[in-house]
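Contents: one structure, followed by commentary.
By convention in this document, chain letters (A, B, ...) are assigned in the order of the sequence lines, proteins followed by strands, and residues within each chain are numbered from 1. Here the structure is a predicted model, which means the values were calculated and not measured.
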Amino acid sequence: MTTFPWLSVLVAAPLVGAIVVMLLPKGADKLAKQVGLVLSVLVFALTIVMALRFDAGTAGDFQFGVAYDWIPAFGVKFALGVDGISLVLIALSTSLVPIVLLAGWKDVDGSRGSVRGYIALILTLEAAMVGVFAATDVFLFYVFFEAMLVPVYFLIGRYGGARRSYAAMKFLLYSLFGGLLMLASLIGLYVVSAQITGTGTFDFSTLAGLSIDPTTQRWLFVGFFVAFAIKAPLVPFHTWLPDAAAESTPGTAVLLVGVLDKVGTFGMLRYCLELFPDASRWATPLVIVLAVIGIIYGALVAIGQTDIKRLIAYTSVSHFGFIALGVFVMTSQGQSGSSLYMVNHGFSTAALFLIAGFLISRRGSSLIADFGGVQKVAPILAGTFLVAGLSSLALPGLSSFVSEFLVLVGTFERYTWVGVIATLGIVLAAIYVLLMYQRTMTGPTPDVVREKVFDLSGREVLAIAPLLVVIVALGFYPKPVLDVVNPAVARVMHAVNATDPPPQVAPVAEGTAK
Amino acid sequence: MSATLAVVGSFEIPTIEYAALAPIMIVMGAAVLAVLVEAFVPQRFRRVTQLVITFASLVGAFAMVVKAGGTSQIVAMGSVAIDGPTLFMQGSILVLAALAALVMAERQVDPSGDSFAPRASALPGSADEQAFTRLGWLQTEIWPLFLFCVGGMLLFPASTDLLTMFVALEVLSLPLYVMVGLARRRRLLSQEAALKYFVLGAFSSAFFLYGTALLYGFAGTVSLTGIANALSASAADSGLVVTGVALLAVGLLFKVGAAPFHQWTPDVYQGSPTSVTGFMAACTKVAAFGALMRVLYVALGGISWDWRPVMYVISALTMIVGTLFALTQTDIKRMLAYSSVAQAGFMLVGVVATSAAGLQGTMVYLLAYGIATVGAFAILTLVRDSTGEASHLSQWAGLGRRSPWVASAFALFLLAFAGIPLTSGFTGKFAVFTAGVAGGATSVVVIGVVASAVAAFFYVRVIVLMFFTEPSAEGGPSVVVPSAFTKSAITISVALTLVIGVLPQLVLNLVGQAGVFVR
């Protein structure tokens with residue numbers, strides 16, 4: 001059992017599932033959903049078993065590694081392995097898939113595309129998500145990075161809302177553009193590695209060990225960084241996200257914002273910082289400025305939104321600002337906070353999008369103005385929405401608080417004023433979340449809402465409950481995640497040659513976190 | 001007896017290595033045979049005889065290519081090189097030609113027979129032609145033309161002197177001009193395309209010949225190695241060389257379809273019978289790139305510092321022009337024509353690398369592009385309305401809902417053109433771009449990457465149209481169910497596109513063994 005290829009199975013199982021679902025006879029929609037759900041639960045269970053066997057003590061190393069020759073002519077290997085950060089992100093991905101399938105059980109019934117196709121696309125996406133986080137070969141990472149686009153493109157374009165075609169196209173073009181810039185850098189990196197070591201390689205650890213001259217590093221860094229900044233997305237590369245999120249089904253939006261966008265911030269932490277340490281330090285001021293602009297701008301624009309889904313999308317722009325900030329302040333608090341934030345943001349955004357999706361499908365409109373007083377007709381729906389919202393605004397006791405606090409502490413250690421401005425983001429978060437809650441859930445209930453909106457069904461509660469449990473649990477006890485993330489962060493910090501400033505606030509952060 | 005030999009002694013008896021030249025000879029012999037079949041075999045047996053001859057000769061030639069694998073020699077008195085690259089390109093041409101022939105053999109798609117004019121010599125719309133059609137007579141002259149053309153293509157990249165190369169160029173071009181004019185429907189458009197192609201092609205041949213003459217004037221030989229030796233021996237820059245190389249390049253770049261010599265592509269691609277377009281786009285490119293690279297690498301490798309900057313500009317220009325013009329097209333055939341221009345630009349990135357990696361990357365790209373091209377044009381023949389093929393973009397709206405498999409296959413080819421990972425196009429693009437960066441052409445590669453991003457837009461737009469747009473109210477065109485010929489061509493193209501994308505090592509091994517040009 002020690003050689004059981006955990007990661008390969010995690011990648012292959014959803015793919016096989018997708019093929020099985022596609023081969024089901026036409027009209028076997030219910031069966032397709034059941035197969036998809038059962039399979040995704042199994043994949044999640046497998047992830048948990050793997051996580052339990054993960055050695056947290058050496059979480060900075062890649063574990064469960066496998067490597068097969070794929071394209072020897074280019075030195076490309078099918079190489080997978082996880083460190084602490086990728087482990088928690090894979091767990092995030094595989095846990096969200098069954099939730100999304102369960103919550104969106106009826107989302108695509110009677111839509112244009114087939115239900116089988118929907119399930120198959122989600123499973124394909126799951127395989128690519130696991131692959132992208134687990135790849136330890138940069139070429140393989142790129143392949144998964146691009147391959148992810150195809151299922152999402154069809155998920156938006158086939159099953160989305162009125163402007164789906166536009167949104168899908170915009171999403172694809174932004175991502176492709178970023179991806180191709182990354183391809184240019186990837187090729188450059190390969191050539192540089194061939195020049196330094198004699199044989200070109202894409203092996204991550206080997207590449208991270210190279211000392212590339214700073215000017216070359218900067219060019220290569222730019223290609224990778226822009227790709228990740230589009231994916232994450234950082235202002236000013238963010239305009240595709242609100243469209244894509246607003247036009248997709250809630251389930252797609254969850255996977256898109258909750259997981260896919262994390263590839264951007266994960267990529268910054270793993271690839272930009274470790275492969276191009278000099279260039280990363282060179283770019284730090286610019287990235288920090290972009291991140292802070294993102295935090296404030298995303299929050300301000302969110303306040304002004306009239307559409308619930310677009311509002312949630314803009315809150316994510318703000319939150320991605322926080323994550324990028326934490327990555328690039330080059331302190332262990334900041335980076336641990338960011339890694340934790342990726343997980344927490346995934347869960348709280350998932351809850352927000354799914355509950356908003358329940359609300360929108362009942363009322364048949366996503367405009368905030370069309371709601372009001374939902375709390376009276378659907379108390380459970382309103383209550384869960386409030387918890388998810390409070391987590392999003394980082395209320396202490398809920399998970400996002402810990403991560404946001406760590407990021408801010410990490411920022412204050414090095415850049416006091418940046419920290420001060422970023423903290424404003426939390427204040428603004430309170431405004432947009434509470435305003436949205438107030439406008440939709442409280443006040444007089446219009447007749448339309450009274451007629452159409454009813455409370456959550458058992459299936460919906462079953463889908464949402466795990467999310468809320470995790471949000472609360474990680475809010476009080478983030479240690480399991482931090483324990484596996486910290487050693488990996490230490491490796492990154494070592495790679496960028498960064499050391500924490502003399503600790504002043506750090507112990508307090510740890511204390512509060514618990 | 002001995003006296004006669006003594007007289008002949010001063011005259012070298014030409015040696016012909018028949019085994020090495022077998023692929024070319026088989027195809028050429030089959031072409032001659034096919035002409036005789038056209039003249040003497042009764043009409044009802046003609047088609048089947050032609051098909052047997054065609055496919056048997058292609059398979060036979062391919063077998064000879066495989067058999068010759070690993071050898072490297074200069075044969076036919078120093079005018080033909082049968083080396084690794086030649087064999088790889090000959091193999092590619094034969095595979096692509098066989099796939100294209102499958103599409104050309106289709107007879108179930110068009111209600112009135114195959115897609116070629118029943119009697120090309122009759123005036124379009126004349127009483128003569130109508131009588132011919134009414135009688136249901138079908139000429140099968142396309143097959144001998146096709147075989148001559150393939151024969152020329154097999155020789156073109158193998159030629160090691162400029163005169164042989166010129167002869168090969170003409171042998172491949174002349175039948176092609178006729179084939180372009182053979183469309184059954186929209187005959188005037190087809191004949192216009194043929195004339196344009198012929199006139200411009202003749203011009204470019206003249207350029208090629210003029211360049212050959214000037215280089216002969218400089219080197220005193222037309223052999224590529226001879227020219228290379230003369231160039232390395234003479235230090236001084238010669239006007240003859242510069243002008244000669246420029247004129248020669250014009251002739252070759254015209255065939256390749258590189259900007260600014262690409263103007264013929266959209267009209268010719270649009271006017272030709274679609275199956276011929278697929279054949280022409282795929283196979284001509286392989287042959288022409290083979291010849292271009294042999295000239296640049298073998299004869300002009302020594303002065304690469306002089307021509308590389310020019311080729312940088314041409315490569316960049318080709319990518320930019322092809323991409324930008326493709327953006328504005330509303331006809332799928334024209335869009336694919338401009339896309340083929342852009343693709344030629346990407347392949348030129350491999351050429352300007354001037355390295356073994358560049359040569360091999362370009363060969364991979366050529367094969368990948370050729371397969372996707374034949375497949376894409378095969379699908380184009382299937383989407384029809386009452387007037388024939390429906391090639392206007394708007395007519396493809398909603399195709400994915402009515403014919404998901406055909407639309408998916410077309411989407412795969414488009415993704416391959418766009419160079420999305422796990423398709424063959426990505427393998428090719430990666431190979432040439434890597435070679436480009438390693439060869440110092442980073443700026444061209446960056447332009448190529450940006451052009452790829454722009455190009456993705458118009459490829460993806462068709463996918464959007466097929467899958468996400470509602471079909472027009474009046475029903476629009478439908479997908480015709482083809483016979484096994486087209487079906488197998490599309491299936492094989494899809495399979496190869498995926499295999500080269502997912503397991504590229506198979507092809508990379510082949511080009512790796514192909515090595516470099518023999519000198």
- Message: Given heavy-atom pairs under 4.5 angstrom as the criterion, report whether the side chain, backbone, both or neither of B:Ala418 touches chain A.
- Response: neither

- Query: Using 30° and 60° as the class limits, which term best fits the ring planes of B:Phe430 and A:Phe74: parallel, tilted or perpendicular?
  - Reply: perpendicular

- Side-chain touch A:Leu180/B:Val450, heavy atoms, less than 4.5 angstrom: no

- Check each atom of A:Ala194 against the heavy atoms of chain B and say whether the ones under 4.5 Å are side chain, backbone, both or neither. neither

- Note on the structure: All heavy atoms of B:Val502 vs all of A:Trp70, minimum pair found to be O-NE1, 2.6 Å

- Among residues two or more places apart or on two chains, list those pairs meeting ring-ring contact (aromatic ring centres under 6.0 Å, His included) that have a residue in residues 177-197 of chain A. A:Tyr190-A:Phe202

- Query: In terms of heavy-atom proximity below 4.5 Å to chain B, should A:Ile71 be classed as side chain, backbone, both, or neither?
  - Reply: both

- Which heavy atom in B:Ala456 sits nearest to a heavy atom in A:Leu173, and how many Å separate them? C-CD2, 4.4 Å

- May I ask you to check whether B:Phe467 and A:Tyr153 place their ring centers less than 6.0 Å from one another? no

- Please step through side-chain contact (heavy atoms from CB on, under 4.5 Å) for the pair B:Ile463 and A:Phe154, ending with a clear verdict. CA-CA 10 Å; B:Ile463 301 183; A:Phe154 281 100; 4.0 Å; yes

- Message: Restricting to non-hydrogen atoms, name the atom on B:Val437 and the atom on A:Gly188 that form the minimum distance, rounded to 0.1 Å.
- Response: CG1-CA, 4.2 Å

- salt bridge (charged side-chain N to carboxylate O under 4.0 Å, His left out): pairs with one or both residues in residues 170-187 of chain A, sequence neighbours excluded: A:Lys170-A:Asp243

- Message: On a heavy-atom basis, which atom in B:Gly400 and which in A:Arg158 lie closest, and how many Å separate them?
- Response: O-NH2, 4.3 Å

